[in-house]
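By convention in this document, chain letters (A, B, ...) are assigned in the order of the sequence lines, proteins followed by strands, and residues within each chain are numbered from 1.
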Protein chains: 2
Amino acid sequence: MCKDYPPSQEEKECSCHSHVSKLPFIQPCLLLLLYEKPSHGYELMEKLLEFDLSLDAATVYRNLRKLEEEGLVSSQWYTQETGPARRLYKLTMDGEDMLHSWVHTIRRRKAVLEKFLKRYSNNFPNRSS
Amino acid sequence: MCKDYPPSQEEKECSCHSHVSKLPFIQPCLLLLLYEKPSHGYELMEKLLEFDLSLDAATVYRNLRKLEEEGLVSSQWYTQETGPARRLYKLTMDGEDMLHSWVHTIRRRKAVLEKFLKRYSNNFPNRSS
DNA sequence: CTCCCTATATGCATAATGCACATATTTACT
DNA sequence: AGTAAATATGTGCATTATGCATATAGGGAG
């Protein structure tokens, strides 16, 4: 892994791009969902299904707390409605910058997957669906 | 994570697909490279750069040993040429089946990334490069 | 009164990785 | 000859991330 991961706000990307291969996809998904609408963990857990992400509650809550530690989201308790208290998260400015940064990584990652699939097709032309 | 990961040889895919998000990309890359040509760890380490994968030697060697435990590759010491002995790996029949199985996962993973990027573009139309 | 859904959180075992380090062979340079 | 560097594989250790189980608590349905 390179030294400057996660990418700084100045560079918007790290220099070696090695994290393309270990993309912790839940993080950019949370940032995008929170850009669209402030939300809480339990709701986000369900929305993550749209990105084929597993719905383990512990993982979602811990990732949200981690994003908050990094200053990418902020939270406050919300008890207006019925039911248990919710921790309502919203995206910060740094979080929005990080979202844009992630997009570069994800585009590159997509290109790598395409490269793999093309190379596979070259070896197995009959299986290229 | 679902119970039937990795996918069995019968099903070719697991049922919940949650591993799409945690794709250990080094494994399918090793299988594809070994389909193209039997090789050893040090050489594979360099070829993995083509797929943007970090070149930590320990990770490569340990993944190869793991693939061998699972019966997807086989190895034998090779001392014909000059230099230190090499452990020469080649793909097994099960390994080739697993490679085909991985392709389904990677295609789905690619579709998820495209879904993310499209959703991002909807939110930031000016940034859609 | 109990069960289930909503909502958040912690503890523990497991798995995977990065880095440092160890070892051995051969080549290249001084 | 001596020493550094490239080739080649491997282990040990600390860190990190995850899944699963569990705990807690509010509120609605039967």
When you measure from the side chain of [X], which nucleotide among [options] comes out closest?
X: Tyr42(A); options: dT6(C), dC20(D), dT17(C); answer: dT6(C)
X: Ile26(B); options: dT8(C), dT17(C), dT9(D); answer: dT17(C)
X: Tyr61(B); options: dC19(C), dT9(D), dA25(D); answer: dT9(D)
X: Arg62(B); options: dT9(D), dT8(C), dC19(C); answer: dC19(C)

Could you tell me how far apart [X] ([atom1]) and [N] ([atom2]) are, to the nearest whole angstrom?
X: Glu43(A); N: dC5(C); atom1: CD; atom2: C1'; result: 15 Å
X: His40(B); N: dG10(D); atom1: NE2; atom2: C1'; result: 15 Å
X: Asp56(B); N: dG12(D); atom1: CG; atom2: C1'; result: 14 Å
X: Asn63(B); N: dT9(D); atom1: CG; atom2: P; result: 14 Å
X: Leu64(B); N: dT17(C); atom1: CG; atom2: C1'; result: 15 Å
X: Gln76(B); N: dA8(D); atom1: CD; atom2: P; result: 16 Å
X: Phe25(A); N: dT18(D); atom1: CZ; atom2: P; result: 14 Å
X: Gln80(A); N: dG26(D); atom1: CD; atom2: P; result: 17 Å

Taking OP1 and OP2 of [N], is either one under 4.0 Å from a side-chain nitrogen or oxygen of [X]?
X: Lys66(B); N: dA16(C); value: yes
X: Thr82(B); N: dT27(C); value: yes
X: Thr59(B); N: dG18(C); value: yes

Please work out if Arg65(A) contacts a base, only the sugar-phosphate, or nothing of the nucleic acid, heavy-atom cut-off 4.0 Å.
sugar-phosphate

*Touch check for Ala58(A), heavy atoms < 4.0 angstrom, all strands: base, sugar-phosphate only, or nothing?*
base

The reported gap from CG in Leu48(B) to CG in Asp56(B) (rounded to nearest 0.5 angstrom) is 11.5 Å

| What orientation do Phe124(A) and His100(B) show, parallel under 30°, tilted 30 to 60°, or perpendicular over 60°? | perpendicular

Salt-bridge contact Glu50(A)-Arg119(B) (side-chain N to carboxylate O under 4.0 Å): yes

What one should report as the nearest heavy-atom pair of His40(B) and Leu88(B) is N-CD1, 4.2 Å

Q.
Using a distance-only criterion (donor-acceptor N/O pair, under 3.5 Å, no hydrogens), is the base of dG10(D) paired with the side chain of Arg86(B)?
A. no

Tell me if the side-chain of Arg87(B) makes a donor-acceptor pair with the base of dG10(D), cut-off 3.5 Å, by modelled atom types.
no

Applying the Watson-Crick and G-U criteria (both distances under 3.5 angstrom) with [ ] for crossing and | for other-strand pairs, one obtains for DNA chain D ||||||||||||||||||||||||||||||

ask   = In terms of hydrophobic clusters joined by side-chain contacts under 4.5 Å, are Tyr61(A) and Tyr78(A) together?
value = no

Checking Thr59(B), Leu64(B), Leu67(B) against Ile26(B) for side-chain contact (heavy atoms from CB on, under 4.5 Å), the one that qualifies is Thr59(B)

Does the cation-pi check pass for Arg109(A) over Phe25(B), that is, NZ or CZ under 6.0 Å from the six-membered ring centre and within 45° of its axis?
-> yes

Salt bridge (charged side-chain N to carboxylate O under 4.0 Å, His left out) with Glu43(B): of Arg87(B), Lys37(B), Arg86(B), only one passes, and it is Lys37(B)

